[in-house]
Amino acid sequence: MAKRDFYEVLGVVRTASTEEIKKAYRVKAKELHPDRNKDNPDAEAQFKEVNEAYDCLKDADRKAAYDRFGHAAFEGGMGGGQRGYGGQGDFASAFSDVFEDLFGDFMGGRGGGGRSRAARGSDLRYNLRVTLEEAFKGVQKTISVPGSSACTACNGTGAEGGAEPQTCPTCAGMGKVRAQNGFFTVERTCPTCGGVGQVVKNPCRVCHGAGRVEKERNLAVNIPAGVETGTRIRLAGEGEAGMRGGPAGDLYIFIEVREHAIFQRDGVHLFCRVPVSIASAALGGEVEVPTIDGGRSKVKVPAGSQSGRQMRLRGKGMPALRGGGSGDMVIELAVETPVNLTARQKELLREFEKIEAENNPEGATFFKKVKSFWDSMTG
């Protein structure tokens with residue numbers, strides 16, 4: 001029986017691109033797969049015909065030979081060493097290529113021959129606590145980071161004397177091996193190299209072939225002004241060393257700002273409570289308050305101020321982490337009630353109460369009722 005034209009089998013025109021041919025093959029292979037056509041006795045033969053056509057047309061040289069000579073290009077020794085089509089090995093090859101296209105990313109992809117698969121080192125996390133003053137000014141901290149570093153004895157290669165690892169003979173450097181199972185290709189990690197794609201014949205005596213050793217490192221870290229709890233600083237290449245010369249991971253520093261005895265922080269703004277005497281609150285006055293920069297600022301207290309009254313000092317808060325000025329410092333007054341009064345102080349307060357009652361009889365009546373009720377409750 002004469003073979004059908006390969007372009008006709010795939011349903012494409014002769015000017016179709018490689019991508020169009022591959023797309024048409026995927027559709028046909030899915031449509032005619034024997035597992036989906038168990039009631040069709042011709043499905044297997046049609047499926048093999050589709051694979052034979054794709055195996056020819058996917059390769060530019062073979063496609064050119066086919067376009068010029070047709071099927072005769074691969075019969076009777078023609079084709080300059082081109083292999084024949086229709087065999088189980090060629091069918092598996094064609095199907096394997098599409099399997100790789102469909103699932104290559106999920107399975108880890110196909111490695112190039114002899115390509116290094118040295119593993120990247122892991123990222124590390126370090127929690128660093130700073131004071132509010134340090135967060136305000138910015139500071140440089142020296143930290144000790146436990147982890148692994150590249151082995152200096154073998155320069156990270158894992159081989160004695162720093163020799164280069166050799167391509168794994170089992171997987172040819174791909175890091176994976178394949179086994180044919182019917183129509184499917186099963187791919188798994190190479191048992192010889194563990195997926196690295198390279199093997200070390202004479203492992204380094206210091207790192208035992210790993211290319212890295214456990215070592216604690218001291219690093220200087222610049223903490224910028226304006227950081228707050230949760231701020232993350234990334235130090236590229238300061239994480240775990242990679243296996244056998246692979247790139248190092250990154251170090252992530254997470255900032256935690258300690259609570260302050262005076263100031264509470266909300267973003268770039270600071271809040272603090274300032275005690276004032278009854279006299280200052282009633283008559284007005286001036287109080288001196290500390291600021292986060294280590295200085296002191298004088299604040300005027302308006303006459304008649306009550307506890308909870310807030311006043312704002314512009315630009316006396318925290319700096320913005322990425323520029324844009326500074327926040328404010330908000331002061332909340334806390335009027336203090338005097339204790340341990342002297343006889344003279346009590347006398348003056350009673351005189352004040354009497355005068356207040358004369359000037360504000362309604363208020364005095366209210367306070368007398370409250371005092372009477374309280375006296376009755378306490379016996």
Side-chain angles (χ1 to χ4, degrees), residues 22 55 58-61 81 83 87-125 145-217 219 234-252:
K22 182 185 292 185
D55 200 24
K58 71 177 183 178
D59 183 88
D61 293 336
R83 64 180 181 178
Q88 177 66 22
D90 299 311
F91 155 73
S93 173
F95 190 76
S96 174
D97 286 341
V98 173
F99 179 87
E100 180 71 44
D101 291 333
L102 292 172
F103 305 107
D105 291 339
F106 174 76
M107 298 293 289
R110 177 184 298 183
R115 183 181 67 183
S116 172
R117 288 174 174 263
R120 178 183 182 273
S122 301
D123 293 335
L124 296 178
R125 171 175 177 150
V145 182
S148 59
S149 301
C151 177
T152 55
C154 64
N155 296 323
T157 65
E160 187 68 28
E164 289 294 327
Q166 298 180 357
T167 301
C168 176
T170 303
C171 64
M174 292 191 298
K176 297 180 182 294
V177 292
R178 293 180 174 185
Q180 192 68 35
N181 185 9
F183 294 120
F184 294 96
T185 299
V186 179
E187 188 175 74
R188 59 187 176 88
T189 301
C190 175
T192 302
C193 65
V196 178
Q198 297 177 330
V199 292
V200 176
K201 284 193 173 183
N202 298 311
C204 172
R205 286 174 292 181
V206 176
C207 65
H208 306 291
R212 60 185 185 182
V213 293
E214 294 299 320
K215 183 180 180 182
E216 188 172 89
R217 294 170 296 142
L219 298 176
R234 173 176 171 263
L235 300 182
E238 296 294 350
E240 290 273 5
M243 290 287 289
R244 296 183 185 174
D250 299 332
L251 174 63
Y252 290 92

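In this structure, the side chains of Pro203 and His208 stay at 4.5 Å or more apart for every pair of heavy atoms.
Annotation for Pro169 and Val199: closest pair CD-CG2, 4.2 Å, computed over non-hydrogen atoms. The nearest pair of heavy atoms linking Cys207 to Cys154 is SG-SG, 3.7 Å. In this structure, Val177 and Thr170 approach most closely via the heavy-atom pair CG1-CG2, 4.0 Å.
Paired with Glu238 under the rule side-chain contact (heavy atoms from CB on, under 4.5 Å), one option of Asp250, Asp123, Leu251, Val145 passes, and it is Leu251.
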Side chain to side chain contact (heavy atoms under 4.5 Å, CB included) evaluation trace for Lys22 with Lys58: CA-CA 7 Å; Lys22 182 185 292 185; Lys58 71 177 183 178; over 6 Å; no
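Interatomic distance, SG of Cys151 versus CZ of Arg205, reported as 11.5 Å (0.5 Å rounding). The distance from atom CD of Gln198 to atom SG of Cys171, rounded to the nearest 0.5 Å, is 9.5 Å. To the nearest 0.5 angstrom, Gln166 atom CD is 13.0 Å from Cys193 atom SG. Separation of atoms NZ (Lys176) and CZ (Arg188) is listed at 11.0 Å; rounding is to 0.5 Å. Here Met174 contributes atom CE and Cys168 contributes atom SG; the two are 9.5 Å apart, rounded to the nearest 0.5 Å. Note that OG of Ser149 and CD of Glu216 are 10.5 Å apart. Values are rounded to the nearest 0.5 Å.
Between the Thr157 side chain and the Ala163 main chain, a donor and an acceptor come within less than 3.5 Å of each other. Between the side chain of Glu240 and the main chain of Leu124, no donor-acceptor pair closer than 3.5 Å is present. In this structure a side-chain-to-backbone donor-acceptor pair under 3.5 Å is missing from Arg212 to Ser148.
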